[in-house]
Amino acid sequence: MLKIKNQKRDPFVPPLSVSALFNLSSFRHWDDIVANQKEIDFTRRELKDDRKTLAKAFLQLGIKKGDIITVATGRSMYENILIFLAANKIGAIVAFFDEKTARDTIIHYLDEFKSPLLITYKYSDKRIKELKHDAPSIKNIINLDGKTVDEGGPDDDQEEDIEVFALDGFWLGRQNIKKIAEKYKGRIPKNIFAANNEALISFTSGSTSGPKPMVFTNKNLIASAIYSKVASNVKMWDKELHTWMSYVKLDCPYGMVVSILAPICGGGEVVLTPDIDDSNLDYYIGKNPNTIFGIPPLLEAMPSLKEDTDISELKMFASGGERLEKSASLAALEFFKSRGLKNIKISNGYGVGEALGLISTAVGTAAYNPDSVGRIPAGTHVMVLDPETGEELGFGKTGILYATGKHILNRYYNRPELDDEKIIKIHGKKFIKTGDLAYVSEAGYITLVGRATFFINNLPAKVYYEVVRAAIAKSDLVKKCYVVKGPDDKLKLASYAFVVLNDGVPKNNQTRREIVKKATEPFNLGKRRIVLKSYEIPRRVIFLDDLPLTKANKTDFRKLEKMAKEM
């Protein structure tokens, strides 16, 4: 395990359930706002009371510790926080899916999880009936009617405060969930010191293979929330970074944990965005949060905000999901400066789903350095192994990156072969194999070389996509790019570069020649001096308006490989 210079001590992770930590963080602050959804504010006391009511309903429906509640909503909304905390209070596990997840996929996992309860969003009676028929494990389906989203929006004619109660929108058939809760007369489990209890099932992005279900304990979730706050220098009840806007869907591994649990269990307030799109971006950004937790496309859209959209309180933009390119960071930084935000920080980083997206972070100037994906934060430790021999390598040596920490997944759900392949124990610690080739500096900065499986092997030497991508990204003409393998008459396979150009740059052969010429010039990748060999230079440079993304907001390399193959 690499010993990073000046790395802070591992932060303390309390041995609690997430629900208990919420109680602890809310002590003496019960009447403070914990979440804003459209025009509705929810206090910590309201969330606590709603959690108790919903927990009683779950118990009345026969939900017990260890049961898996499947939630097919995916949206960043108050109801999902409530569902998770109520389930967590009684020791149940929650698995989030996007509301648009295919029916066959939902049925598959309902069967695999043996899930007794499914929670849906605006499903028709017909669809609910079909699901009950096709998923024998399901005993009950609770359907959300979306009232807080539909009725909680701004209304110019509204003179009085909007009163919408979240639990009014929970329905079991024709019966409201509060009526179910009233029938429960037993005790509610405390589930306080439950650090090792499993609490959440999330899925890998599926960018390198199909999505894989991962199981996280309370300790994993709380550790990730604490580590991310420490890495971003956010303190408990931090007045400077108190209000977070959550843009990430909850079926992403880091969506629920980093963008929602971190603020609400750390004394903050979360601004929820259940129906955000291009048409209402100014409305949501105009809520003027201190921190926005989003993805690169959202950062790229910031300069399109209207002049009168107030962003004066914004202190940090935390970007997750896909790589944040240098050009996008610099363009956003210039925009923020033009709006008077001189000290704003852009936080980016690197991680895998198994680590809840947190292995390295880059806050401030490091976010604009394309050679590094950030520094390893307190609580996370890494080692680099030789891909051929398994030998542990030192600083500056390229190998497969492994990571450990209290936030690393507990296990893959019902995938023992993955547990054996990707989870190893060394030095008494559990490490996850990231599958990425990288090297680490003594100061703890990670430089990615590429996926261990993302290379072309029929050439004089392996050509790693990430090295070629870094060479292409040097050009000031390039906004972002991605490199995949494609057919070549002489070499059978060669690298193809898909490029998104900066605004105003013409899509012509002259631009291609300038990009390739710049790519062939020597450059530094981390501390290494790189010069592309002739067989590493992309055989084709293809211009796109934007890179295709998966549902997890990762570049859809399979689609790009298909496009390359068809050219």
Side-chain angles (χ1 to χ4, degrees), residues 1 66-68 70 93-98 101-102 104-115 135 137 196-221 223-224 251-254 257 350-359 380-393 399-438 448 450-455 457 550-552 554 556-558 561:
M1 188 165 69
D67 281 349
I68 299 173
T70 300
I93 302 167
V94 176
F96 283 107
F97 289 84
D98 188 279
T101 300
D104 289 347
T105 301
I106 292 287
I107 291 172
H108 167 80
Y109 282 110
L110 287 171
D111 181 58
E112 184 173 358
F113 295 157
K114 296 180 172 54
S115 187
S137 68
N196 294 321
N197 283 6
E198 294 181 337
L200 178 72
I201 292 178
S202 191
F203 291 82
T204 60
S205 66
S207 59
T208 55
S209 59
K212 300 174 282 287
M214 306 170 291
V215 186
F216 296 94
T217 65
N218 283 301
K219 178 172 66 177
N220 300 150
L221 303 181
S224 179
D251 54 329
C252 295
Y254 40 82
V257 182
Y350 156 74
V352 292
E354 290 87 346
L356 290 166
L358 182 65
I359 292 179
T380 301
H381 302 276
V382 304
M383 64 181 181
V384 179
L385 300 186
D386 186 293
E388 304 294 335
T389 66
E391 174 191 0
E392 193 169 345
L393 303 175
I400 298 179
L401 188 69
Y402 288 75
T404 187
K406 292 181 180 178
H407 59 314
I408 301 297
L409 85 166
N410 191 45
R411 63 187 174 99
Y412 293 97
Y413 187 85
N414 199 27
R415 305 289 193 279
E417 72 284 356
L418 282 176
D419 292 338
D420 294 339
E421 176 193 346
K422 299 198 67 173
I423 300 174
I424 63 172
K425 286 192 175 181
I426 297 180
H427 310 308
K429 295 181 180 291
K430 181 172 70 176
F431 283 81
I432 185 71
K433 179 182 180 181
T434 68
D436 289 320
L437 286 170
L448 294 181
R451 292 289 296 179
T453 55
F454 280 19
F455 60 82
N457 201 24
T550 66
K551 290 202 303 183
K554 301 275 190 179
D556 192 341
F557 83 92
R558 285 194 182 86
E561 283 192 340

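The structure presented is a predicted model; accordingly, all values stated were derived computationally and were not measured. Quick note: residue numbers are just sequence positions, from 1.
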Measuring from atom [atom1] of [X] to atom [atom2] of [Y], what distance do you get when rounded to the nearest 0.5 angstrom?
X    : Y    : atom1 : atom2 : answer
I400 : L437 : CD1   : CG    : 6.0 Å
S202 : L356 : OG    : CG    : 7.0 Å
D419 : E417 : CG    : CD    : 8.0 Å
T70  : I93  : OG1   : CD1   : 10.5 Å

- Task: Step by step, work out the side-chain contact (heavy atoms from CB on, under 4.5 Å) result for L401 and Y350.
- Result: CA-CA 12 Å; L401 188 69; Y350 156 74; 3.6 Å; yes

- Heavy-atom donor-acceptor pair, S137 side chain to S115 backbone, under 3.5 Å: yes

- Applying side chain to side chain contact (heavy atoms under 4.5 Å, CB included) between I359 and each of V382, D436, T404, I408, report the one that passes. V382

- Query: For V215, which of I201, L200, I68 qualifies under side chain to side chain contact (heavy atoms under 4.5 Å, CB included)?
  - Reply: I201

Minimum-distance pair of heavy atoms, taken over all atoms of [X] and [Y]:
X    : Y    : value
E112 : Y413 : O-OH, 3.3 Å
K430 : N410 : NZ-O, 3.2 Å
R411 : I423 : CA-CD1, 4.4 Å
H381 : F431 : O-CE2, 4.2 Å
L385 : E392 : CD2-CA, 3.6 Å
L358 : T380 : O-OG1, 4.0 Å

- Establish, from distance only, whether the side-chain atoms of N220 and T217 form a donor-acceptor pair under 3.5 Å. yes

- Task: Identify whether the distance between the nearest side-chain nitrogen and carboxylate oxygen of R415 and E421 falls below 4.0 Å.
- Result: no

- Taking 4.0 angstrom as the limit, do K212 and E354 come out as a salt bridge? no

- Message: Taking side-chain contact (heavy atoms from CB on, under 4.5 Å) as the definition, give me every residue that meets it alongside D386, ordered by chain and number, with sequence neighbours left out.
- Response: E388, T389, E391, L393

- Message: Can you confirm whether or not the ring centre of F203 sits under 6.0 Å from the ring centre of Y109?
- Response: yes

- Are V352 and T204 close enough that some pair of their side-chain heavy atoms sits under 4.5 Å apart? no

- Query: Step by step, would you call K433 with I424 a side-chain contact (heavy atoms from CB on, under 4.5 Å)?
  - Reply: CA-CA 8 Å; K433 179 182 180 181; I424 63 172; over 6 Å; no

